[in-house]
Amino acid sequence: TIDINGAVDISGDTTIAGNVGIGTASPNNILDIRKDDQEGVDIDIVNSQTTISSSDTLGTINFRGLDSGIRTGAIIEANVPATWGADTDDAPCSLRFYTQDDTNDDTLGTARMVIREGGNVGIGTTSPSEALHMTGGYLLLDDSSQNGIKILTGDTAVLYIYDKDASDALTGGVTWASATGATTFYTNGLTARMTIADGGAVNVVGALSKGSGSFKIDHPIPSKKDT
């Protein structure tokens with residue numbers, strides 16, 4: 001056991017067998033850091049270059065295991081998307097998350113998820129264009145309590161659900177306008193085909209036909225009713 005009070009400068013490799021405690025004489029894990037303070041513990045990972053430029057890496061956390069050799073299972077990387085400016089707050093940074101799948105191929109070369117400097121989150125893409133941008137698969141929301149999906153928008157916002165083809169062109173979708181309460185359905189390059197107003201009135205653009213069975217038009221004028 002070695003007890004150290006104050007600063008320590010160490011040059012070269014150092015090996016410590018056993019747990020290391022910082023702020024505690026009784027570490028419970030291989031590294032146990034404690035601080036009796038309301039602000040808690042701060043850990044700094046500092047890139048000490050005098051100029052931080054685009055594509056630099058501020059720091060990397062590697063999650064590794066020792067099997068037949070040291071292997072990396074996951075990585076979190078702090079990446080610099082643009083050169084830092086003179087102002088102390090001009091320090092753009094994004095976080096990238098990498099994982100290795102259950103194959104013999106190296107899948108750590110492409111980020112699975114990224115949080116960009118502006119806050120957009122990308123899953124399957126490193127260039128998210130919206131708050132949450134997902135590519136390469138389906139979004140599965142599995143709620144055993146059957147509560148469904150809740151999407152909250154502002155008083156004047158519009159909720160969009162669109163479909164794209166292989167060329168990334170919009171082919172159809174649904175919108176809901178919170179200001180009016182109207183729901184509109186689109187096809188063929190976002191051409192409005194049907195709108196349901198908040199009061200229940202339905203406006204259909206184009207022909208209305210039935211394949212089988214029947215439908216009823218309940219019109220106040222008897223001669224306009226049809227089945």
Side-chain angles (χ1 to χ4, degrees), residues 1-2 4 8-37 39-84 91-145 147 149-150 164 166 168:
T1 300
I2 300 176
I4 300 174
V8 177
D9 293 327
I10 299 176
S11 298
D13 296 335
T14 301
T15 301
I16 300 176
N19 294 342
V20 176
I22 300 177
T24 176
S26 303
N28 293 322
N29 294 291
I30 191 169
L31 177 60
D32 190 338
I33 304 175
R34 305 184 192 183
K35 182 181 180 183
D36 186 8
D37 190 293
E39 296 182 357
V41 176
D42 295 329
I43 299 177
D44 289 344
I45 299 176
V46 180
N47 183 327
S48 58
Q49 296 182 108
T50 56
T51 300
I52 303 297
S53 303
S54 177
S55 299
D56 284 349
T57 298
L58 294 183
T60 303
I61 301 175
N62 296 300
F63 298 87
R64 291 174 170 165
L66 180 60
D67 191 61
S68 57
I70 295 179
R71 304 181 186 183
T72 302
I75 299 172
I76 300 176
E77 177 185 273
N79 183 265
V80 178
T83 300
W84 289 10
C93 181
S94 64
L95 287 177
R96 297 187 178 188
F97 300 80
Y98 303 80
T99 61
Q100 174 65 43
D101 67 9
D102 189 15
T103 67
N104 293 326
D105 299 322
D106 181 4
T107 60
L108 294 171
T110 302
R112 304 287 192 180
M113 185 177 77
V114 62
I115 303 175
R116 290 303 303 256
E117 64 278 11
N120 288 352
V121 177
I123 301 176
T125 175
T126 57
S127 301
S129 58
E130 302 293 343
L132 176 60
H133 185 167
M134 189 185 76
T135 64
Y138 294 100
L139 174 62
L140 175 61
L141 302 176
D142 188 356
D143 186 350
S144 59
S145 59
N147 288 327
I149 302 172
K150 180 184 290 186
K164 291 184 177 181
D168 208 35

Enter the distance from Arg112:CZ to Ile123:CD1 here, rounded to the nearest 0.5 Å. 12.0 Å

So which atom in Thr103 and which in Asp101 form the shortest heavy-atom distance, rounded to 0.1 Å? OG1-OD1, 2.6 Å

Do the side chains of Ser127 and Arg116 get nearer than 4.5 Å, heavy atoms only? yes

Roughly how far apart are Arg64 CZ and Ile75 CD1, rounded to 0.5 Å? 7.5 Å

Can you tell me if Thr99 uses its side chain to pair, donor with acceptor, with the backbone of Ala74 under 3.5 Å? no

Rounded to the nearest 0.5 Å, how far does CZ of Phe97 lie from CD1 of Ile61? 9.0 Å

Which donor-acceptor pairs under 3.5 Å do the side chains of residues 8-25 make with protein atoms, sequence neighbours left out?
from	atom 1	to	atom 2	distance (Å)
Asn19	OD1	Ile30	N	3.4
Asn19	ND2	Pro27	O	3.4
Thr24	OG1	Ser26	N	3.0

List the atom of Pro92, the atom of Ala82, and the distance in Å for their closest heavy-atom pair. CG-O, 3.6 Å

Is it the case that the side chain of Asp106 and the backbone of Leu108 share a donor-acceptor pair, with hydrogens and angles ignored and the cut-off at 3.5 Å? yes

Just so I know, are the side chains of Gln100 and Thr72 near enough to count as touching, which here means a heavy-atom distance under 4.5 Å? no

Does the side chain of Thr135 come within less than 4.5 Å of His133's, by heavy atoms? yes

Please say whether more than 12 non-hydrogen atoms of neighbouring residues, nucleotides or ligands are located less than 6.0 Å from CG in Asp36. no

Interatomic distance, CG@Asn62 vs CZ@Arg71, rounded to 0.5 Å, equals 16.0 Å

Distance check, rounded to the nearest 0.5 Å: Ser55 atom OG versus Asn79 atom CG? 6.5 Å

Would you be so kind as to tabulate the donor-acceptor pairs closer than 3.5 Å made by side chains of residues 41-48, with sequence neighbours excluded?
from	atom 1	to	atom 2	distance (Å)
Asn47	OD1	Gln49	N	3.1
Asn47	OD1	Gln49	NE2	3.3
Asn47	ND2	Thr57	O	3.0

I need the minimum non-hydrogen distance between Leu58 and Trp84, along with the two atoms involved. CD1-CZ2, 3.7 Å

Check whether any side-chain heavy atom of Thr51 sits under 4.5 Å from a side-chain heavy atom of Asp56, and report yes or no. no

What closest approach, in Å, do Pro81 and Ser54 show between heavy atoms, and which atom pair accounts for it? O-OG, 3.2 Å

